[in-house]
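What follows is a set of notes on a single structure, which appears directly below.
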Amino acid sequence: MHAHSGYPVNWPADPAGWLTPPTLLAAWVAERDGRTVGHVALCRAEDGDPAPRSWAARGSGVPAVCVNRLFVAPEARGLGGGADLMERAVGARSRGLHPVLEVVAADPAAAFYARLGWQDLGVVDQRWGPERVVPLRCFAAPRPAPRSAPRPAPRSAPGSASRPAEPNRLARKRTPYEPG
């Protein structure tokens with residue numbers, strides 16, 4: 001992902017630690033043809049995170065949780081795996097938390113979050129080192145639909161595993177790690 005898309009922007013010294021930070025609450029992967037092709041994590045908000053600050057400024061009273069480390073392999077893009085992973089992350093609302101995220105403002109991923117209905121909370125500058133300030137666009141998960149609204153039909157993806165009683169989805173497997 002880093003070589004193809006420049007994500008993460010700064011390659012971590014400890015990639016495994018980057019995927020499983022101390023603030024990790026839950027994580028999921030997307031699989032296709034028996035291979036992991038995507039990942040998303042939910043983490044507790046930290047003091048320096050701009051999206052939770054932007055969300056709190058809206059006065060919702062619902063605590064924020066950060067969507068982190070979303071990526072989908074280039075060969076699996078456009079098949080619905082990223083949207084499925086984001087849907088899993090949005091499930092944090094059932095825990096009384098509201099998912100938020102930030103992305104480098106110039107990153108094309110911002111358009112992806114907007115297509116999924118995420119609310120644009122604006123752009124904030126964040127310091128990424130002594131001499132580097134990066135503009136980040138903050139987003140909040142869409143508000144829950146009224147209970148009477150019908151749910152859209154799930155998308156299917158070619159080559160993904162299927163089970164008769166379950167929609168054909170890319171994002172199925174919850175990772176076995178959840179720190180205590």
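Note that the coordinates shown come from a computational prediction; the quantities given were computed from them, not determined experimentally. These values consider heavy atoms only, across backbone and side chains, with no hydrogens, waters or symmetry-generated copies. Throughout, residue positions are numbered sequentially from 1 according to the sequence presented.
Nearest heavy atoms, L116 versus A83: CD2-CB, 3.9 Å. Closest approach of V103 to A109, counting heavy atoms only: CG2-CB, 4.1 Å. Across all their heavy atoms, L24 and A41 have their closest contact at CD1-CB, 3.7 Å. Shown here for P99 and A89, the closest heavy-atom pair between the two residues is CG-O, 3.5 Å. Between V65 and A92 the shortest heavy-atom distance is CG1-CB, 3.8 Å.
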Handout entry: side chain to side chain contact (heavy atoms under 4.5 Å, CB included) assessment of D84 paired with W28
Key = CA-CA 10 Å; D84 286 344; W28 298 267; over 6 Å; no
Practice task
Output, in order, the C-alpha distance, side-chain angles, deciding distance and verdict of side chain to side chain contact (heavy atoms under 4.5 Å, CB included) for V124 and S54.
Solution key: CA-CA 9 Å; V124 297; S54 295; 4.2 Å; yes
Handout entry: Residue pair C138, V123: steps toward the side chain to side chain contact (heavy atoms under 4.5 Å, CB included) verdict
Key = CA-CA 6 Å; C138 299; V123 176; over 6 Å; no
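Within the model, atoms CG of L25 and SG of C43 stand 6.5 Å from one another, a figure rounded to the nearest 0.5 Å. To the nearest 0.5 Å, atom CG of residue D107 and atom CG of residue L136 are 10.5 Å apart. Taking OG1 of T20 as the reference point, atom CZ of R69 lies at 8.5 Å (rounded to 0.5 Å). W118 CH2 to M86 CE: the interatomic distance, rounded to the nearest 0.5 Å, is 3.5 Å.
Here the side chain of R93 pairs no donor or acceptor atom with the backbone of G96 at under 3.5 angstrom. Using a distance-only test at 3.5 Å, with no hydrogens or angles considered, a donor-acceptor pair links the side chain of Q126 to the main chain of G48. Panel note: side chain E102, backbone A51; a donor-acceptor pair is recorded below 3.5 Å.
With contacts defined as side-chain heavy-atom distances shorter than 4.5 Å, the pair P135/V104 does not qualify. Looking at heavy atoms from C-beta onward, Y113 lies in side-chain contact with L70 at the 4.5 angstrom threshold. By the 4.5 Å heavy-atom criterion applied to side chains, D120 and R137 are counted as neighbours. Considering only heavy atoms from C-beta on, R32 stays 4.5 Å or farther from E75 through its side chain.
Among residue pairs with one or both ends in residues 40-53, none qualify as side chain to side chain donor-acceptor pair (under 3.5 Å); sequence neighbours excluded.
Using cut-offs of 30° and 60° for the angle between ring planes, the H98 and W55 rings count as parallel.
Checked against side-chain contact (heavy atoms from CB on, under 4.5 Å), P63 has the following partners two or more places apart in sequence or in another chain: L97.
The side-chain contact (heavy atoms from CB on, under 4.5 Å) test with L101 is passed by exactly one of N68, V67, L121, V40: V67.
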